[in-house]
Peer 1: 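This is the structure I want to talk about, given as structure tokens.
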Amino acid sequence: MSVPRYGPDSPGEEFRCAPRPILEHVTSRWGVLVLIALAERSYRFSELRRAVDGVSEKMLTQTLQTLERDGIVHRDAHPVIPPRVDYSLTPLGQEAAGLVRSLARWTGERLTDVEAARREYDARREATGKRRG
């Protein structure tokens, strides 16, 4: 029996290498949270940093630049003093945010099932003397 491969030699177009970086950007730790926050409204950088709890300035900057390059985030720099930059989602970003939000909603709805599965898994591993991993 052949095991499907999800990489450059995959038979399915949706699993080829080209979309993989975009998927990684959208579903990264900070990418998901940025998309969900920006789906609500546009934010200035400092507001967004407060909205995305735990993100460092460096990681937020990198995430925004990556998503902007991918056409998901729009950066609007206003020529005023002090400088003002607003971030919002493009139509492509709104679409991605809707999909990410659906996945986030599903995880919330299935949390108790996942926790039960983890307890069962850990109990089986413990019974056989194997560590979690």
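The chain is numbered in sequence order, starting from 1.
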Peer 1: Rounded to the nearest 0.5 Å, what's the gap from CG on L23 to OG on S28? Could you check?
Peer 2: 10.0 Å

Peer 1: Is the number of heavy atoms from other residues, nucleotides or ligands within 6.0 Å of CD (E24) greater than 12?
Peer 2: yes

Peer 1: Give every donor-acceptor pair under 3.5 Å between a side-chain atom in residues 62-69 and any protein atom, sequence neighbours left out.
Peer 2:
residue : atom : partner : partner atom : Å
T63     : OG1  : M59     : O            : 2.8
T66     : OG1  : Q62     : O            : 2.9

Peer 1: Looking at I36, L33, L38, which hits side-chain contact (heavy atoms from CB on, under 4.5 Å) with V52?
Peer 2: L33

Peer 1: Over all heavy atoms of both residues, which pair between R49 and S56 is shortest? Give the atoms and the distance, please.
Peer 2: NE-C, 3.8 Å

Peer 1: Ignoring hydrogens, what is the shortest heavy-atom contact between V100 and V32? Give both atom names and the distance.
Peer 2: CG1-CG1, 3.5 Å

Peer 1: Are V85 and V34 connected in the hydrophobic side-chain network, where two residues link if heavy atoms are under 4.5 Å apart?
Peer 2: yes

Peer 1: Counting only heavy atoms not in Q94, do more than 12 sit closer than 6.0 Å to its CD atom?
Peer 2: yes

Peer 1: With rounding to the nearest 0.5 Å, note down the distance linking CD in E126 to OH in Y121.
Peer 2: 12.5 Å

Peer 1: Tell me if the CZ atom of R110 is crowded by more than 12 foreign heavy atoms within 6.0 Å.
Peer 2: no

Peer 1: The criterion is side-chain contact (heavy atoms from CB on, under 4.5 Å); which residues satisfy it with R118, sequence neighbours excluded?
Peer 2: V114

Peer 1: Applying the side-chain contact (heavy atoms from CB on, under 4.5 Å) test to W30, which of V55, L35, L60 qualifies?
Peer 2: V55

Peer 1: Take atom CZ in R29; do more than 12 heavy atoms of anything else shown fall under 6.0 Å from it?
Peer 2: no

Peer 1: Considering only heavy atoms from C-beta outward, does the side chain of L89 approach that of V73 to under 4.5 Å?
Peer 2: yes

Peer 1: Residues sharing L103's hydrophobic cluster, by side-chain heavy-atom contacts under 4.5 Å among ILVMFWY, directly or via others?
Peer 2: W106

Peer 1: Just wondering, are more than 12 heavy atoms of other shown residues or ligands nearer than 6.0 Å to CG in D76?
Peer 2: yes

Peer 1: Nearest 0.5 Å, what's the CD-CZ distance between E40 and R101?
Peer 2: 4.5 Å

Peer 1: Quick one: CD on E57 to OG on S46, what's the gap to the nearest 0.5 Å?
Peer 2: 9.5 Å

Peer 1: Examine R41 relative to Y43 and say whether NZ or CZ is less than 6.0 Å from the centre of the six-membered ring and inside a 45° cone about the ring axis.
Peer 2: yes

